[in-house]
Amino acid sequence: MLAFDDLGIRFGGNQAVQGVTGSIRPGVITAIIGPNGAGKSTFFNLLSGFYKPTSGKITFEGQDITKLPTHEVVALGVARTFQTTTIYKELSVLENAVLGHRVRTTSGLWDALLGTGRERREGRASEAAAMEALRRVGLETQAHTLAGSLTQEAQKRVSIALALATNPKVLLLDEPAAGINPEETVGLTRTIRELAAGGLTVVLIEHKMSMIMTLADHIMVLHHGQKIAEGTPQQVSRDPAVVEAYLGGHAAPHVREELKADLLGSAEVEGQHA
Amino acid sequence: MLEVRNLSVRYGAYTALHGVNLTVNDGEIVVLLGANGAGKSSLFKTLSGLQRPSGGDAVYNGQPLTLGRPERCVALGVSQCPEGRMLFPQLSVEKNLRLGAYLHRRDSAGNQAELERIYALFPILHDKRADPAGSLSGGQQQMVAIGRALMARPKVLLLDEPSLGLAPLVVDQVFAAVQRVNEAGVSVLLAEQNAFAALGIAHRAYVMEGGHVTIEGSRDELLHDDRVRSAYLGV
Amino acid sequence: MTSAPARALPARALPTGWPWLIVFVLAALVPLLVKSGYVLDVAINVMIFSIAAYGMNVMLGYAGLLPLAHAGFFGIGAYTVGILTLKAGWSFWLAWPAGIAICAVLGLLLGLVAFRTRDDVFAIFTLGVGVIITQVINKWDALTGGNDGLNGIVAPKLLGIDFGKSASFYYLALFSLALTIFLVARVRASLFGRSLIAIRGGEDLARSAGINVYTHKLRVMMLSTALAGFAGGLYAVYIGFLGSAITGPTTTFTILLYLLVGGVGTLAGPLLGTLIIRVLQQSIQGLQDYQYIVFGPLLVLLVLFFPAGLAGVWAHLRGRRTAFEAGRPRGKEEQGKGVNDAGV
Amino acid sequence: KVVNIGYSGPLSGGAASYGKDCQSGILMAIDEINAAGGVTVKGEKVTFNLVSLDDRYLPNETATNVKRLTSQGISTIFVPHAGGILTVQPLTTRDPNFLLVAYSSEPKILQANNPMTLMLPPRYDNYVAPFVKQELTTFGKKLGLVGTTSAYGKAWADVVSAEWTKQGGTLGTDNGVDYGTTVDYSSAVTKALAEKPDVLFIGGPSQPTALVVKAAREQGFKGGFIVMDQAKFEQMNQVVPQSYLNGAVGVLPVAQFPGTQVFVNQYSRKYKKIPTSEAALNYMGMNIIAASMVAAGTTDDAVAIRAKVGAAAAALPRGKSIFSVKGVTAQGHVDADVLAAYLKDGTFTKLRLPATLLK
Amino acid sequence: MIIFFQQFLNALALGGAYSLVALGLTLVYGVMKIPNFAHGGLYMVGAYVTWALLTNLGVPYFLALGLSAVALGLVAVLLERLVFYPLRSAPHIHPMIAAIGVLFFLEAVIGHPQVFGADFKILASPINGIVNLGGVSITGQRLLIIGASVVVMLALFYFLKRTTTGATIEAMAQNREGARLVGINVSRVASLTFFISGALAAIAATLYAPTSLVSPSMGEVMNLKVFAIIVLGGMGSVPGAIVGAFLLAFAETFGGVFVGANFADVVGFAVLVIVLAIRPQGLFRRTA
Ligand SMILES: Nc1ncnc2c1ncn2[C@@H]1O[C@H](COP(=O)(O)OP(=O)(O)OP(=O)(O)O)[C@@H](O)[C@H]1O
Ligand SMILES: Nc1ncnc2c1ncn2[C@@H]1O[C@H](COP(=O)(O)OP(=O)(O)OP(=O)(O)O)[C@@H](O)[C@H]1O
Ligand SMILES: [Mg+2]
Ligand SMILES: [Mg+2]
């Protein structure tokens with residue numbers, strides 16, 4: 001549904017993303033992994049219309065969105081979160097989500113000044129949509145809390161709720177589990193899976209391999225701005241190029257079923273050669 | 001020996017640390033585990049002088065660290081690689097690293113050697129040495145931050161979540177580097193979410209919750225502690 | 001200069017309108033009780049300039065943009081009324097809306113260019129435009145009377161009421177102010193206004209939430225310049241004489257000062273600040289040569305000790321109870337800031 | 001009994017020095033009257049007190065100040081700038097009447113036909129013909145224009161240009177600049193000198209005018225200057241050597257007027273500077289007001305006081321009026337002789353002003 | 001042609017003075033992120049200090065220049081300690097308003113009748129000669145301005161780029177906490193930066209005032225211009241401030257030639273607006 005062809009962007013002399021071709025398939029969870037600086041976040045910024053590519057083309061459901069401004073891309077149904085948790089900390093959780101729904105409303109300055117019926121109608125609709133988004137990420141009870149006062153993990157959920165409130169078809173998550181502890185990571189993983197099960201196409205960047213391996217249906221590996229591998233978690237984790245560029249010693253244990261036991265084991269192995 | 005005695009930190013009405021006690025012996029790697037907001041960074045900021053405590057103190061070899069004067073802490077040999085990195089984004093990678101040795105600015109030969117050691121540790125930084133630090137990826141910036149802290153030639157290195165946002169391979173590299181630094185005689189206090197990797201290289205560890213130290217012990221004790229296993233190792 | 005300090009208003013500002021009702025009822029009694037032309041004059045000036053301050057507040061307080069051409073638009077509104085009534089013989093009741101419309105259109109045009117810039121650069125860009133507006137007004141003799149200014153603008157009449165009288169003009173100003181406050185409160189509570197707050201909080205995030213940042217900025221700019229013109233039109237007929245000095249940066253900074261002292265981003269702030277500062281200035285006039293020696297440091301102290309403005313103090317006092325809950329874990333603001341997020 | 005006199009002018013900001021000069025003349029007159037025990041109005045000894053308010057040159061502040069002053073029962077108010085004067089003129093006849101003493105030579109002040117205005121400064125157009133004649137015959141036919149671009153400056157430039165061509169001279173392009181905001185005059189002067197003028201028309205506040213003279217001389221200009229009356233020789237002298245001003249025509253320094261020695265000496269002693277017409281005319285104005293109050297037998301009936309200003313002004317002794325005052329015109333303009341001078345080698349030669357223009 | 005060179009020299013001298021004032025402002029902005037609207041006030045006070053030294057104490061000109069620079073450096077340090085330091089974590093519209101308060105205060109103090117009074121003062125020029133180069137004349141004072149501003153700029157550039165202390169200024173400009181962590185005493189750097197900015201303002205005032213007038217409000221006009229300059233150049237950029245200063249000076253001078261001298265000020269700001277419309281980040285600031 002989201003397809004990209006020979007996508008590339010350069011910053012000065014730095015070719016951050018280069019000749020990436022492929023597509024995101026609807027209804028599946030796609031993960032993007034790669035070393036730091038591989039261009040993952042930049043790739044997201046391109047897909048979401050945040051950066052304009054210096055080469056290549058992006059289409060969404062057949063429509064060319066390469067040159068569309070961000071808010072129009074969002075309107076078509078592509079939502080994203082940022083690598084740094086970016087939410088409106090001084091606003092309430094609900095208000096954050098309401099803002100996410102703004103793209104689906106049309107009332108403007110005149111509606112505000114005249115207090116039109118559309119304004120009132122859309123105001124109510126926004127709050128309903130926002131509550132629904134909060135429910136999907138499990139934050140409905142916190143709706144009236146100040147977003148900045150929540151835990152790191154809850155703030156990540158707020159950022160997801162904000163994106164969900166835009167009624168997206170595709171959700172791009174940039175390191176949703178960074179900086180949150182393993183216990184919470186499990187909960188977040190569950191939430192993401194539920195979202196996908198509800199029909200949403202999810203694309204995520206993550207370094208937490210445990211999470212990727214349990215969650216992703218499909219993995220795309222970036223390195224030096226280029227796509228070096230693609231496939232199921234099993235395929236990718238055995239791909240020698242990926243192991244060399246990214247996974248290092250972590251490749252073998254990250255196979256779904258053996259995960260938990262092996263993780264503890266690997267720590268101890270490492271501890272021994274310390 | 002670094003000793004933290006009954007240290008408290010408050011932000012306005014909110015108390016982030018409630019009388020924390022801990023020690024880092026010479027040559028040790030000590031890991032600090034804790035959920036978000038447990039107070040790890042607050043502790044680190046206090047030890048590096050960025051934050052004044054509201055009570056208690058910390059001393060390194062008998063000298064106070066808690067005066068809110070980072071330059072004194074660095075001079076005593078306590079150097080921090082902070083959460084959020086705090087690099088100088090428009091200065092080149094090399095200038096960032098060299099500024100890390102600000103207190104040794106008269107010893108240019110020593111700084112050159114130290115710089116070379118850091119380039120050996122993180123070869124990618126050598127390639128990018130002329131680039132503005134802000135143009136690097138998150139992981140690369142983390143390396144610059146660690147490198148900059150090492151340039152101060154610390155006796156105690158404070159690392160606040162160095163693996164944050166790093167690829168597994170790089171996490172390995174970072175931890176391996178930490179170990180090497182430690183083997184060279186530097187004590188390390190390391191705050192981490194990535195409990196596996198951290199405990200892997202630790203000698204001892206503390207667990208913080210809500211501004212209190214709740215568990216302490218050797219690496220093996222913690223690896224087998226049920227509470228730790230469920231909350232931090234996900235087992 | 002993006003981050004407005006004050007805490008956001010509660011989203012629904014209208015239902016809590018009863019204190020305003022009391023304020024306005026009391027204000028409406030003033031001319032009946034006070035006969036001093038001086039008091040009414042100070043009050044009218046406060047009302048006119050606080051309308052201008054509300055205009056600045058929708059930009060600075062809501063959208064986080066500092067418009068330093070504000071007095072220029074105030075001047076355009078005033079001169080439009082002056083020129084149309086004096087030279088084209090229009091009625092004030094037509095010239096006034098015309099001035100507002102011209103301000104809105106010029107605001108739109110300015111925005112089309114100015115919004116290429118951000119933050120401090122935006123502020124100084126508009127400052128430059130403000131200087132140019134003043135200079136053009138000053139030098140375009142044929143239209144504006146140049147340094148001579150425009151003289152003899154007469155106060156309007158309506159339904160037999162002569163607004164040349166202080167007391168009746170007072171009611172015109174009061175009505176205008178009430179209308180302004182009502183409208184900005186509505187805007188603040190609307191989806192449009194809430195989107196502005198989002199833009200203030202972070203443009204990148206607003207954009208990726210699907211908000212069309214550019215058009216929102218353009219519209220709030222138009223609202224802001226229209227309010228400046230609204231105030232300017234009143235000023236023109238009240239004073240009866242227009243000179244270019246009032247349209248310059250000094251006036252802009254004075255208005256900014258009112259806003260800051262009152263509380264940026266609050267509903268009461270612009271009025272409160274204008275009132276306090278103008279009354280303060282009047283009362284230290286007696287200090288003669290010492291007045292600015294006192295006023296300057298006073299400003300510094302205000303900023304040092306009441307950073308959120310006077311309205312902010314009130315909000316703070318009310319907010320005390322919830323401060324504890326709000327103080328729970330804060331996010332890691334700096335964490336993992338890569339170049340793409342940090343905007344280095 | 002102490003009678004308050006009002007004053008609203010710029011006492012801070014860029015025009016503060018101007019505002020304070022004006023204020024000093026009023027104050028000096030008041031101090032002298034009070035030191036002499038005051039004046040007798042209807043058998044009552046009256047002394048004066050000046051209530052000064054700062055309006056920063058802004059008309060709306062002037063209006064506020066005037067309302068404040070009238071609400072304190074003050075019936076005579078001095079305002080030294082056109083914008084403020086024009087703004088408050090309509091107020092003079094509302095609720096409480098008051099007498100507006102205007103120090104500004106803006107013609108519109110008279111056009112308003114306001115019955116309560118007393119305008120102090122003389123008409124400038126008297127100067128023009130003798131100025132032009134003097135310079136045209138001494139230096140040559142080409143005139144360059146670098147006057148200030150204030151309204152007053154532009155009006156001056158217009159009449160000078162008209163007179164210059166009328167007497168057979170040619171004009172260069174107008175390179176006027178705003179003396180109030182210009183940081184560097186050399187560019188404008190360079191441009192004016194490029195047309196090789198024989199005479200330059202200059203003028204604005206004295207000190208910037210002197211800078212224009214300086215720039216011109218430094219760039220090798222050898223001709224003469226027509227100096228607009230706003231600039232005063234005695235102040236320009238403090239900025240540039242008098243030799244730079246050689247060949248200039250302008251208003252005679254107050255100190256050179258016949259019979260002003262006492263005033264000049266006392267002023268200089270009191271304020272440590274040379275008085276200009278800012279101080280002198282306001283000094284005169286205050287004396288006229290005091291005399292009118294005596295004549296009218298009231299200190300607070302502004303209309304009655306206004307009715308007596310003409311007679312009072314004409315009767316004023318020369319030491320109090322500085323200028324030779326003939327009376328007050330119907331529109332409220334003080335009618336006084338003005339004197340101009342040509343400066344050559346350190347001496348001022350008085351110029352005869354055409355009698356026809358004197359009203 | 002002669003006219004052109006004459007105007008060229010006029011512009012050069014004006015640009016030199018602008019750049020000295022603008023450099024101090026841009027440094028403070030770069031390091032502290034403070035739009036210091038009191039900067040024009042420092043410039044004005046600098047002129048008065050020099051005037052007092054020359055007139056009341058009979059100090060020779062160049063000594064007065066040095067003393068005035070030190071004095072204003074110290075005033076600026078005081079300003080930082082008393083006003084800006086306590087506001088360091090406030091949104092920076094606050095320091096801006098506080099700076100305006102300081103500007104009011106300085107003007108009122110200097111203009112107070114018991115201090116210097118509101119009248120214009122004249123600063124005697126140390127060099128009275130006029131150099132005539134084939135019809136193009138320039139006063140010694142203007143040559144001095146051009147020469148001295150080049151020397152000061154080079155010295156500043158060397159200081160920032162080649163010395164460690166200079167590097168600390170840049171480091172602090174980019175991350176205050178980071179600078180503290182590596183052991184840089186940020187209060188000292190802040191003081192140093194303010195000292196330099198105050199000293200530069202006084203030097204500019206001392207150099208330029210002899211060709212102009214000294215009055216309490218002289219800082220206001222300068223303020224607007226130097227702000228335009230540093231925005232033109234890119235806020236916080238040192239080379240930008242210099243280029244911006246000369247750009248504005250040339251625009252005003254030559255704009256005056258072509259559009260009429262009366263419009264010189266408009267031309268200056270029009271250049272600002274046009275440049276920013278094309279390059280919103282200023283001439284010398286890197287894009288994100
Ligand atoms: N706005 C920008 N200007 C200049 N260079 C940039 C910009 N954004 C990204 N880059 C560069 O592009 C490269 C890719 O960066 P990106 O942030 O996409 O990496 P990433 O894969 O997300 O890394 P990480 O896992 O560390 O977040 C890096 O070398 C970075 O320096
Ligand atoms: N400057 C500050 N002002 C107010 N509260 C703060 C400040 N810094 C930290 N806190 C609060 O203190 C508590 C401890 O924060 P700290 O950053 O020390 O935790 P941490 O253990 O490092 O967490 P994390 O894993 O998120 O880094 C948190 O609740 C946080 O919100
Ligand atoms: Mg990334
Ligand atoms: Mg932390």
Side-chain angles (χ1 to χ4, degrees), chain C residues 1-5 60 66 110 112-132 134-136 138-139 248-250 253-254 256-257 259-261 264 288-305 307 334 339-340 342-344, chain E residues 29 33 35 37-38 82-83 86-87 90-109 111-115 118 174 177 220 223-224 227-228 230-232 234-236 260 262-263 265-266 268-274 276-282 285-286 288:
Chain C
M1 306 187 186
T2 38
S3 45
L60 179 63
L66 178 55
L110 171 60
L112 287 174
V113 184
F115 290 132
R116 291 172 49 81
T117 62
R118 278 193 184 194
D119 303 342
D120 286 5
V121 180
F122 172 81
I124 305 282
F125 183 92
T126 51
L127 180 64
V129 172
V131 172
I132 292 175
T134 309
Q135 296 275 341
V136 168
N138 185 263
K139 306 217 150 128
T250 314
F253 282 112
T254 311
L256 177 61
L257 177 69
L259 187 53
L260 211 76
V261 167
V264 179
Q288 301 279 334
D289 287 325
Y290 293 91
Q291 58 168 320
Y292 281 91
I293 297 184
V294 173
F295 186 64
L298 217 55
L299 262 189
V300 175
L301 293 178
L302 269 172
V303 168
L304 276 175
F305 296 107
E334 297 291 326
V339 71
N340 10 8
V344 181
Chain E
Y29 184 83
K33 299 290 173 288
F37 272 89
L82 291 181
V83 179
L87 286 170
H92 70 323
I93 193 165
H94 287 74
M96 191 174 96
I97 289 292
I100 291 175
V102 172
L103 181 67
F104 283 160
F105 174 75
L106 292 177
E107 268 184 34
V109 168
H112 193 274
Q114 307 297 307
V115 186
Q174 298 178 20
E177 296 276 275
E220 285 177 24
N223 242 352
L224 278 183
F227 267 97
I230 70 166
V231 174
L232 258 180
M235 312 249 323
N262 193 22
F263 288 89
D265 286 340
V266 189
F269 284 96
V271 167
L272 169 78
V273 165
I274 292 167
L276 288 183
I278 298 166
R279 250 188 94 79
Q281 71 279 24
R285 200 152 68 161
R286 266 171 290 214

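Reckoned from all heavy atoms, side chains included, excluding hydrogens, waters and symmetry mates. Per chain, numbering begins at 1; letters A, B, ... match sequence-line order.
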Measuring from atom [atom1] of [X] to atom [atom2] of [Y], what distance do you get when rounded to the nearest 0.5 angstrom?
X	Y	atom1	atom2	result
C:T250	E:E220	OG1	CD	6.0 Å
E:I97	C:L256	CD1	CG	4.0 Å
C:L257	E:F104	CG	CZ	7.0 Å

With a 4.5 angstrom heavy-atom cut-off, could you sort out which part of E:L224 is near chain C: side chain, backbone, both or neither?
->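 The answer is the side chain of E:L224.
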Of the backbone (N, CA, C, O) and the side chain (C-beta and beyond), which part of E:I274 lies under 4.5 Å from a heavy atom of chain C, both, or neither?
->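 Neither part; nothing is under 4.5 Å.
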In terms of heavy-atom pairs under 4.5 Å, which option from E:P113, E:G111, E:A99 contacts chain C the most?
->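 Highest number of pairs under 4.5 Å: E:P113.
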Heavy-atom pairs under 4.5 Å with chain C, option from E:L272, E:L87, E:V102 with the top count =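 Sorted descending by pairs with chain C, the first entry is E:L87.
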Sidechain-backbone polar pair: C:R116 side chain, E:I278 backbone, donor-acceptor under 3.5 Å =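 A pair under 3.5 Å: yes.
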Among C:T117, C:I293, C:L304, residue most engaged with chain E (heavy-atom pairs, under 4.5 Å) |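 Sorted descending by pairs with chain E, the first entry is C:I293.
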Student check: side-chain heavy atoms of C:L260 and E:M96 closer than 4.5 Å |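 SC-SC contact between C:L260 and E:M96 ruled out.
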What closest approach, in Å, do C:L299 and E:G101 show between heavy atoms, and which atom pair accounts for it?
->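 Scanning both residues completely, I find the closest heavy atoms to be CD1-CA, 3.6 Å.
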Kindly list each side-chain donor-acceptor pair under 3.5 angstrom involving residues 121-130 of chain C, sequence neighbours excluded, with atom names and distances?
residue : atom : partner : partner atom : Å
C:T126  : OG1  : C:L68   : N            : 2.9
C:T126  : OG1  : C:F122  : O            : 3.1
C:T126  : OG1  : C:A123  : O            : 2.7

